There are 2 protein chains.
Amino acid sequence: MPKVSPVLLDEQLCFSIYSASKKFNHFYQSALAPFGLTYPQYIAMLVLWEDAPLTVHQLGERLELDSGTLTPLLKRLEKQGWVTRVRSRTDERQVLIHLTETAEAKRDEVYSRIGQCQTLLGMTDNEIDSMMTELVTVKDQLDTVSHQRLIAKEVDKD
Amino acid sequence: MPKVSPVLLDEQLCFSIYSASKKFNHFYQSALAPFGLTYPQYIAMLVLWEDAPLTVHQLGERLELDSGTLTPLLKRLEKQGWVTRVRSRTDERQVLIHLTETAEAKRDEVYSRIGQCQTLLGMTDNEIDSMMTELVTVKDQLDTVSHQRLIAKEVDKD
DNA sequence: TCGAAGAGTATTGTATACAATTAAATTGCT
DNA sequence: AGCAATTTAATTGTATACAATACTCTTCGA
């Protein structure tokens with residue numbers, strides 16, 4: 001069976017990433033349970049702690065998420081008191097996401113909670129670096145392939 | 001700010017995995033579009049092509065998914081003609097997932113479609129292997145940490 | 001300045017995930 | 001045999017993701 005084995009090999013890489021992603025998700029979920037934050041909510045807060053206020057669009061570029069995901073997520077963060085959503089006065093299309101004082105105040109607490117968990121992975125900085133480099137390579141490759149497909153589709157249309 | 005930098009480093013590894021997982025998902029989604037399969041549906045079919053029939057529980061162990069995810073997924077696969085769901089007669093609690101003849105017939109077609117896409121990643125077998133090894137290490141570490149937390153909780157109760 | 005094109009956000013619909021609960025069937029123990 | 005504990009699926013509720021669409025506001029060209 002010549003076709004089977006290579007399919008399975010690739011499959012396992014993708015599945016490993018898929019599976020690791022779910023495990024990380026679960027890990028952060030429980031680490032952040034005291035704050036009631038999910039992992040996607042947490043990474044949104046991370047970006048905002050660095051650069052708030054940001055528009056939904058700007059936040060989406062950093063997180064690679066669109067308004068279909070972010071709008072409900074941000075509404076939940078707002079309801080829980082982490083952020084405020086304010087329609088910009090200079091451009092009524094935009095919604096600016098600001099941090100609340102509570103969020104500012106809890107920043108270091110969240111950081112230190114995650115800092116405690118991080119060392120549990122038991123990886124050196126070098127190991128983490130090289131792994132990230134490989135993941136970026138894979139992502140870039142997938143982007144390239146997707147682009148090629150898009151172009152191919154455009155050509156098909158003509 | 002001593003605490004900030006290590007948090008971000010770890011963050012990026014997790015985010016890289018999270019992001020790569022989404023990109024793979026998207027990649028497979030478009031690669032499998034001719035068959036109308038999503039990535040989770042596809043990996044379920046992969047396991048079934050190897051070992052059908054399986055119970056929902058057995059399938060869940062292989063995919064690390066529970067019935068809350070699998071039941072609706074399998075109902076969709078059934079509606080689309082890939083599988084049949086049959087209550088076991090020897091143990092009425094179990095539901096056996098069988099492949100349809102259509103699914104059997106399309107197996108090689110799907111395999112070859114994925115086989116074509118796989119080489120596009122441009123990675124050697126060794127590179128894929130080492131990456132998977134690292135991912136497994138991370139997953140195991142996360143499992144260990146989760147277990148420690150569970151045990152800690154148990155101890156708390158006493 | 002008016003209207004078309006574009007930009008930014010929200011909404012709708014579909015498909016995962018997963019915790020928690022429910023319901024039914026089986027097992028094990030007395 | 002009879003009943004409690006366990007097992008297995010399904011269901012419910014919440015939270016992502018993302019394509020496709022709708023809606024509003026802004027910009028830009030004639």
Side-chain angles (χ1 to χ4, degrees), chain A residues 15 18-30 32-33 36-45 53-61 63-80 82 85-97 146 150 153, chain B residues 15 18-30 32-33 36-44 53-61 63-80 82-83 85-97 146 150 153:
Chain A
F15 185 75
Y18 162 79
S19 178
S21 176
K22 288 197 302 177
K23 278 209 166 50
F24 257 122
N25 207 333
H26 184 264
F27 171 73
Y28 274 89
Q29 204 98 3
S30 75
L32 295 167
L37 290 173
T38 66
Y39 178 67
Q41 288 167 5
Y42 165 67
I43 56 176
M45 290 303 297
L54 288 173
T55 68
V56 174
H57 184 77
Q58 289 169 331
L59 190 55
E61 280 195 335
L63 301 176
E64 300 174 41
L65 293 172
D66 67 8
S67 70
T69 301
L70 283 178
T71 296
L73 184 151
L74 292 169
K75 284 184 176 174
R76 281 186 284 271
L77 283 180
E78 185 177 43
K79 192 190 284 184
Q80 292 167 35
W82 295 94
R85 295 161 61 251
V86 188
R87 193 63 64 177
S88 162
R89 268 196 275 187
T90 58
D91 185 340
E92 290 266 342
R93 289 172 304 183
Q94 302 182 132
V95 169
L96 286 169
I97 312 300
S146 296
L150 280 179
K153 275 185 189 170
Chain B
F15 185 75
Y18 162 79
S19 179
S21 177
K22 288 197 301 177
K23 279 209 166 48
F24 258 122
N25 207 332
H26 185 264
F27 171 73
Y28 273 90
Q29 205 98 3
S30 73
L32 295 167
L37 289 174
T38 66
Y39 177 68
Q41 286 167 5
Y42 164 66
I43 55 177
L54 289 173
T55 68
V56 173
H57 182 77
Q58 288 169 330
L59 190 55
E61 280 194 335
L63 300 176
E64 300 174 42
L65 292 171
D66 67 7
S67 70
T69 301
L70 282 178
T71 297
L73 185 151
L74 291 169
K75 283 183 177 174
R76 282 187 284 272
L77 283 179
E78 184 177 44
K79 193 191 283 185
Q80 294 167 33
W82 294 95
V83 305
R85 298 162 59 253
V86 188
R87 200 48 80 170
S88 160
R89 268 196 275 189
T90 57
D91 186 339
E92 291 266 341
R93 289 172 304 183
Q94 302 182 129
V95 169
L96 287 168
I97 312 300
S146 296
L150 280 178
K153 275 184 189 170

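Each chain gets a letter, A, B and so on, in the order the sequences are listed, and its residues count up from 1. The shown structure was predicted, so the numbers you read here are calculated from the model rather than taken from an experiment.
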Applying side-chain hydrogen bond (donor to acceptor under 3.5 Å, both in side chains) as the test, list every pair that has at least one member in residues 70-79 of chain A; sequence neighbours left out. A/Glu78-A/Arg85

Under 4.0 angstrom, heavy atoms only, what part of the nucleic acid is B/Glu64 near: base, sugar-phosphate, or nothing? sugar-phosphate

Considering non-hydrogen atoms only, spot the tightest contact between A/Pro72 and A/Ser67 and give its length. CD-O, 3.8 Å

With A/Glu61, which residues qualify under salt bridge (Lys or Arg N to Asp or Glu O under 4.0 Å), at least two apart? none

Please name all residues satisfying side chain to side chain contact (heavy atoms under 4.5 Å, CB included) with B/Thr38, sequence neighbours left out, ordered by chain then number. B/Gln29, B/Pro40, B/Gln41

What orientation do B/Tyr28 and B/Tyr39 show, parallel under 30°, tilted 30 to 60°, or perpendicular over 60°? tilted

Contact list for DNA chain C against residues 71-80 of chain A - heavy-atom distance below 4.0 Å: A/Thr71, A/Lys75

Rounded to the nearest 0.5 Å, the CG atom of B/Leu63 sits from the CG atom of B/Leu70 at a distance of 6.0 Å

Rounded distance (Å) that lies between atom P of D/dA9 and atom CG of B/Asp66: 12 Å

Where does the chain B footprint on DNA chain C start and end, counting 5' to 3' with a 4.0 Å heavy-atom cut-off? C/dA15 to C/dT26

Table of protein N/O atoms under 3.5 Å from nucleotides 21-26 of chain D N/O atoms:
residue : atom : partner : partner atom : Å
D/dT26  : OP1  : A/Glu92 : N            : 3.2

Might you point out which heavy atoms bring B/Ser88 and B/Leu96 nearest each other, and give the distance in Å? CB-CD1, 4.2 Å

Counting the atoms with a prime plus P, OP1 and OP2 as sugar-phosphate, which does A/Thr38 contact under 4.0 Å by heavy atoms, base, sugar-phosphate, or nothing? sugar-phosphate

Test of understanding: with side chain to side chain contact (heavy atoms under 4.5 Å, CB included), list the residues that count as partners of A/Ser19, not counting sequence neighbours. A/Phe15, A/Lys23, B/Glu64, B/Lys139

Just to be sure I understand the rule, does A/Gln29 reach a base, reach only the sugar-phosphate, or reach nothing, if contact means heavy atoms closer than 4.0 Å? nothing

Determine to 10° how strongly the helix from C/dT1-D/dA30 to C/dT30-D/dA1 is bent, judged from the axes of its five-pair ends. 0°

Hits for salt bridge (Lys or Arg N to Asp or Glu O under 4.0 Å) against B/Arg87, two or more places apart or cross-chain, chain-then-number order -> none

State which residues pass salt bridge (Lys or Arg N to Asp or Glu O under 4.0 Å) with B/Glu92; sequence neighbours excluded, sorted by chain then number. none

Considering non-hydrogen atoms only, spot the tightest contact between B/Val83 and B/Leu74 and give its length. CG2-O, 3.9 Å

Students often get this wrong, so: under 4.0 angstrom with heavy atoms, is A/Thr69 touching a base, only sugar-phosphate, or nothing? base

B/Arg93: side-chain hydrogen bond (donor to acceptor under 3.5 Å, both in side chains) partners, not counting sequence neighbours: B/Asp91

Which is true for A/Leu70 with a 4.0 Å heavy-atom rule: it touches a base, it touches only sugar-phosphate, or it touches nothing? nothing

If you look at every heavy atom in B/Leu54 and B/Leu59, which pair is closest and at what distance? CD1-CD1, 4.3 Å

